[in-house]
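Encoded as structure tokens, the structure appears first; notes follow it.
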Amino acid sequence: MSNSGGYFDADLAFPGCKATNTQQNSNYFALSAVATVSIPRPGVWTFGVVSDDGFQLSIDDKIVGQHESTRTQAASLIPVKFEESGPHLVELIYFEGSGGADLELCVAEGR
């Protein structure tokens with residue numbers, strides 16, 4: 001992150017970027033983060049992606065949300081209905097153009 005202040009504490013520079021602290025910008029890069037998320041019960045769960053610039057969020061190899069162009073720091077809320085509890089594969093792809101850089105991901109039950 002190179003914007004000042006995200007929604008969550010402990011802002012860190014992006015891995016591999018030249019920024020040595022969160023106030024310096026690194027431009028024109030992309031990253032992919034893959035994880036398994038355990039959903040404790042079926043139902044609707046909302047994924048929040050905060051980004052400056054674009055992203056694509058996939059769950060179990062299906063694209064569920066994306067922002068395809070540059071933007072200033074903004075949040076996208078993506079409700080996803082899970083028919084089954086248990087582990088689900090989550091992949092978040094992010095790209096940074098220029099200016100501020102920010103990426104956060106969260107999930108909570110409900111809409």
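- Side chain of Asp52 to main chain of Asp102: no donor-acceptor pair is present (N/O by atom type, distance under 3.5 Å, no hydrogens or angles).
- To the nearest 0.5 Å, atom CD of residue Glu109 and atom CH2 of residue Trp45 are 4.0 Å apart.
- At distances below 3.5 Å, not a single donor-acceptor pair connects side-chain atoms of Ser38 with backbone N or O atoms of Pro87.
- Counting only heavy atoms from C-beta outward, the side chains of Pro79 and Arg111 approach each other to under 4.5 Å.
- Residues Tyr94 and Phe29 form a side-chain contact, since some pair of their non-hydrogen atoms from C-beta on lies under 4.5 Å apart.
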* **Candidate pair Ser32 and Glu91, rule side-chain hydrogen bond (donor to acceptor under 3.5 Å, both in side chains), full reasoning** => CA-CA 7 Å; Ser32 174; Glu91 181 178 21; 2.9 Å; yes

Acceptor/donor pairs from residues 55-67 side chains to any protein atom, 3.5 angstrom cut, sequence neighbours excluded:
from	atom 1	to	atom 2	distance (Å)
Asp60	OD1	Leu89	N	2.9
Asp60	OD2	His88	ND1	2.6
Gln66	NE2	Glu68	OE2	2.8
His67	NE2	Ser69	O	3.3
His67	NE2	Ser69	OG	3.4

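- Note: Ser51 OG to Leu105 CG = 11.0 Å, rounded to the nearest 0.5 Å.
- Side-chain contact between Val90 and Thr36: absent, with no pair of heavy atoms (C-beta onward) separated by less than 4.5 Å.
- Proximity of Phe47 to Leu77: side-chain heavy atoms (C-beta onward) are nowhere separated by under 4.5 Å.
- Under the 4.5 Å side-chain heavy-atom criterion for Ile, Leu, Val, Met, Phe, Trp and Tyr, Leu92 and Phe95 are members of distinct hydrophobic clusters.
- Contact check for Ser85 versus Pro40: no side-chain heavy atoms found under the 4.5 Å cut-off.
- Following chains of ILVMFWY side-chain contacts shorter than 4.5 Å, one can reach Val49 starting from Val107, so the two form part of one hydrophobic cluster.
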